[in-house]
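In what follows, a structure is listed as structure tokens, so that the remarks can point back to it.
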Amino acid sequence: MNTAAHSLTEAATSKFVRIKDGELDLQLHYNDAGQGAETVVMLHGSGPGASGWANFHRNIEPMVAAGYRVILMDCPGWSKSDPIVCTGSRSELNARALKGLLDALDIQRAHLIGNSMGGHSAVAFALANPSRVGKLVLMGGGTGGPSQFVPMPTEGIKLLQGLYREPTIENLKRMMNVFVYDTSSLTEELFQARLANMLTRPDHLQNFVKSLAANPKQFTDYGPRLGEITAPTLVIWGRDDRFVPMDIGLRLIAGMPNAELHVFNRCGHWAQWEHADKFNRMVLDFLAH
Ligand SMILES: O=C(O)/C=C/C(=O)/C=C/C=C(\O)C(=O)O
């Protein structure tokens with residue numbers, strides 16, 4: 001391991017910033033790794049205990065080694081970022097938070113990699129700030145619209161919401177067993193780390209439940225506006241995604257003029273983790289050409 005890779009720990013890259021945008025006034029946590037001229041921002045999903053580091057820890061080092069600066073933003077209401085009750089569009093809230101973060105760091109343009117809610121948020125950001133987006137990579141998310149084939153909410157989302165309401169190890173295991181295709185990859189260490197993340201911030205868990213009660217449809221359906229996004233976009237999905245079904249990926253490429261889709265077989269909702277090596281190679285190739 002070289003010196004740069006050696007310093008790629010959550011603690012060594014952990015930072016905070018205060019952002020203000022109208023009535024939005026929040027402290028955000030983010031991880032900042034690498035020093036490239038081009039920046040890749042990674043946006044995590046909406047599960048209890050999720051964070052940029054938890055979602056993307058298998059993807060950071062290859063991007064840094066390839067010469068990118070990598071920013072992992074913890075969305076408002078997750079991890080070490082400030083708590084919030086979201087009564088409107090969470091996709092738009094996260095997009096505003098990202099704009100605040102990029103402004104504070106003086107980053108004019110970035111590539112965005114979004115997982116699930118992170119995909120919805122990346123699309124919201126691209127619609128509001130088209131000139132600030134290089135390329136987009138969307139996994140298991142991108143628009144909050146309904147599946148045409150699978151009843152919504154999906155079994156995964158029902159388990160996720162149940163876990164927010166009753167944050168127990170049993171409910172966590174139930175959710176994570178649906179999360180991935182190959183459940184043998186889920187270790188007790190992973191469960192315990194995720195449980196600890198969740199239980200460290202009961203305020204985030206309670207706020208998510210309050211947000212859902214105030215507005216059950218947290219993620220805007222950007223279906224009608226997808227044609228406005230001209231940024232080159234790589235959509236990546238797991239064929240066995242039981243949280244956000246694969247046909248949403250088809251909707252994305254039908255709507256986005258410069259989008260292409262890769263479907264991983266034997267893959268659930270966490271393509272960047274379950275197929276990390278191939279995912280990293282594909283994303284690096286896509287960003288470079
Ligand atoms: O309801 C949706 O469309 C989005 C759901 C998610 O964002 C779920 C994400 C779960 C994770 O990626 C996680 O790590 O918990």
Original post:
Side chains of Gln35 and Arg69: closer than 4.5 Å at any heavy-atom pair?
Top reply: no

Subject >> Test: Arg58 and Asp277 ion pair at under 4.0 Å >> reply: no

**OP:** Evaluate side chain to side chain contact (heavy atoms under 4.5 Å, CB included) for Thr233 paired with Asn258, printing each intermediate quantity in order.
**Re:** CA-CA 6 Å; Thr233 301; Asn258 286 320; 5.7 Å; no

Original post:
Sub-3.5 Å donor-acceptor pair from the side chain of Thr154 to the main-chain atoms of Phe243, do we have one?
Top reply: yes

Original post:
Is it true that Lys99 and Asp103 make a salt bridge, defined as a side-chain N closer than 4.0 Å to a carboxylate O?
Top reply: yes

**OP:** Just do the side chain to side chain contact (heavy atoms under 4.5 Å, CB included) check on Met42 and Met63 with the steps written out, would you?
**Re:** CA-CA 11 Å; Met42 298 183 180; Met63 306 284 154; 3.7 Å; yes

**OP:** With the side chain counted from C-beta on, respond yes when Arg18 and Asp25 share a heavy-atom pair under 4.5 Å apart, and no when they do not.
**Re:** yes

**OP:** Taking all non-hydrogen atoms of both residues into account, name the closest pair between Phe286 and Leu234 and its distance.
**Re:** CZ-N, 3.4 Å

Subject >> Asn129 CG to Gln108 CD distance, which is reported to the nearest 0.5 Å >> reply: 9.5 Å

Original post:
In terms of side-chain geometry, is the basic nitrogen of Glu23 or Arg96 positioned less than 4.0 Å from the acidic oxygen of its partner?
Top reply: yes

**OP:** Give a yes or no on whether the backbone of Tyr181 and the side-chain of Glu274 come within a donor-acceptor separation of less than 3.5 Å.
**Re:** yes

**OP:** Check step by step if side chain to side chain contact (heavy atoms under 4.5 Å, CB included) holds for Ile84 and Leu24.
**Re:** CA-CA 10 Å; Ile84 193 162; Leu24 200 64; 4.1 Å; yes

Subject >> Value rounded to 0.5 Å, distance of NE2 in His289 from NZ in Lys135 >> reply: 8.5 Å

**OP:** Determine yes or no for a side-chain-to-main-chain donor-acceptor pair under 3.5 angstrom, with Asp247 supplying the side chain and Ser147 the backbone.
**Re:** no

Original post:
Does a side-chain heavy-atom distance below 4.5 Å link Glu10 with Ser51?
Top reply: no

**OP:** Grab the two heavy atoms, one from Thr168 and one from Leu195, that are nearest each other, plus how far apart they are.
**Re:** C-CD1, 4.3 Å

**OP:** Evaluate the criterion side chain to side chain donor-acceptor pair (under 3.5 Å) for residue pair Asn177 and Thr183; output intermediate values, then yes/no.
**Re:** CA-CA 6 Å; Asn177 277 321; Thr183 52; 4.5 Å; no

Original post:
For the residue pair His269 and Val244, what are the closest heavy atoms and their distance?
Top reply: CE1-CG2, 3.6 Å

**OP:** Evaluate salt bridge (Lys or Arg N to Asp or Glu O under 4.0 Å) for Glu166 paired with Arg174, printing each intermediate quantity in order.
**Re:** CA-CA 12 Å; Glu166 282 182 54; Arg174 252 178 230 125; over 6 Å; no

**OP:** Calculate, to the nearest 0.5 Å, the distance between atoms CD and CD1 belonging to Glu155 and Ile157 respectively.
**Re:** 10.5 Å

Original post:
Per the side chain to side chain contact (heavy atoms under 4.5 Å, CB included) rule, which among Leu105, Ile71, Leu72, Ile107 passes with Val41?
Top reply: Ile71

Original post:
With distance as the sole criterion, is a donor-acceptor pair present between the side chains of Asp221 and Thr143 under 3.5 Å?
Top reply: yes

**OP:** Could you tell me the separation between the CG atom of Asp241 and the CE atom of Met246, rounded to the nearest 0.5 Å?
**Re:** 10.0 Å

Original post:
CE/Met176 to CH2/Trp270 distance, rounded to the nearest 0.5 angstrom?
Top reply: 4.5 Å

Subject >> Glu188, CD: over 12 other non-hydrogen atoms inside 6.0 angstrom >> reply: yes

Original post:
Which pair of heavy atoms, one from Met152 and one from Gly145, lies closest together, and at what distance?
Top reply: CE-O, 3.9 Å

**OP:** Look only at the side chain of Ser211 and the backbone of Cys86, and say whether a donor-acceptor pair between them is shorter than 3.5 Å.
**Re:** yes

Original post:
Looking only at heavy atoms, which two atoms of Ala126 and Leu136 are closest? And how far apart?
Top reply: CB-CD1, 4.2 Å

**OP:** Step by step, work out the salt bridge (Lys or Arg N to Asp or Glu O under 4.0 Å) result for Arg266 and Asp182.
**Re:** CA-CA 7 Å; Arg266 301 165 76 84; Asp182 178 10; over 6 Å; no

Original post:
Under 4.5 Å between any side-chain heavy atoms of Leu138 and Leu252, yes or no?
Top reply: yes

Subject >> Pro48 backbone acceptor or donor facing His204 side chain under 3.5 Å >> reply: no

Subject >> Sidechain-backbone polar pair: Arg109 side chain, Ser131 backbone, donor-acceptor under 3.5 Å >> reply: yes

Subject >> Heavy atoms from other residues, nucleotides or ligands near CD of Glu228 exceed 12 (cutoff 6.0 Å) >> reply: yes

Subject >> Phe219 and His120 aromatic ring geometry - parallel, tilted or perpendicular at 30°/60° bounds >> reply: tilted

Subject >> Minimum-distance pair of heavy atoms, taken over all atoms of Ile236 and Ala271 >> reply: CG2-CB, 3.9 Å

**OP:** Would you confirm whether His44, through its side chain, and Phe56, through its main-chain N or O, come within 3.5 Å as a donor-acceptor pair?
**Re:** no

**OP:** Hey, can you tell me if Trp78 and Tyr164 have their rings parallel, tilted or perpendicular (30° and 60° cut-offs)?
**Re:** perpendicular

**OP:** Verify the distance criterion only: is there a donor paired with an acceptor across the side chains of Asn197 and Arg194 at less than 3.5 Å?
**Re:** no

Original post:
Are Val64 and Trp273 linked, directly or through other ILVMFWY residues, by side chains that come within less than 4.5 angstrom of each other?
Top reply: no

Original post:
Would you say the side-chain atoms of Asn280 pair up with the backbone N or O of Ala276, donor to acceptor, closer than 3.5 Å?
Top reply: yes

Subject >> Charged tip of Lys278 within 45° of Phe264 ring normal and under 6.0 Å >> reply: no

**OP:** Take Met139 and Ile113, measure what side chain to side chain contact (heavy atoms under 4.5 Å, CB included) needs, and give me the verdict at the end.
**Re:** CA-CA 8 Å; Met139 300 91 70; Ile113 302 184; 3.8 Å; yes

Subject >> Distance (rounded to the nearest 0.5 Å) between Tyr68 OH and Ile60 CD1 >> reply: 16.0 Å

Subject >> Candidate pair Asp74 and His29, rule side chain to side chain donor-acceptor pair (under 3.5 Å), full reasoning >> reply: CA-CA 6 Å; Asp74 287 341; His29 176 260; 2.8 Å; yes

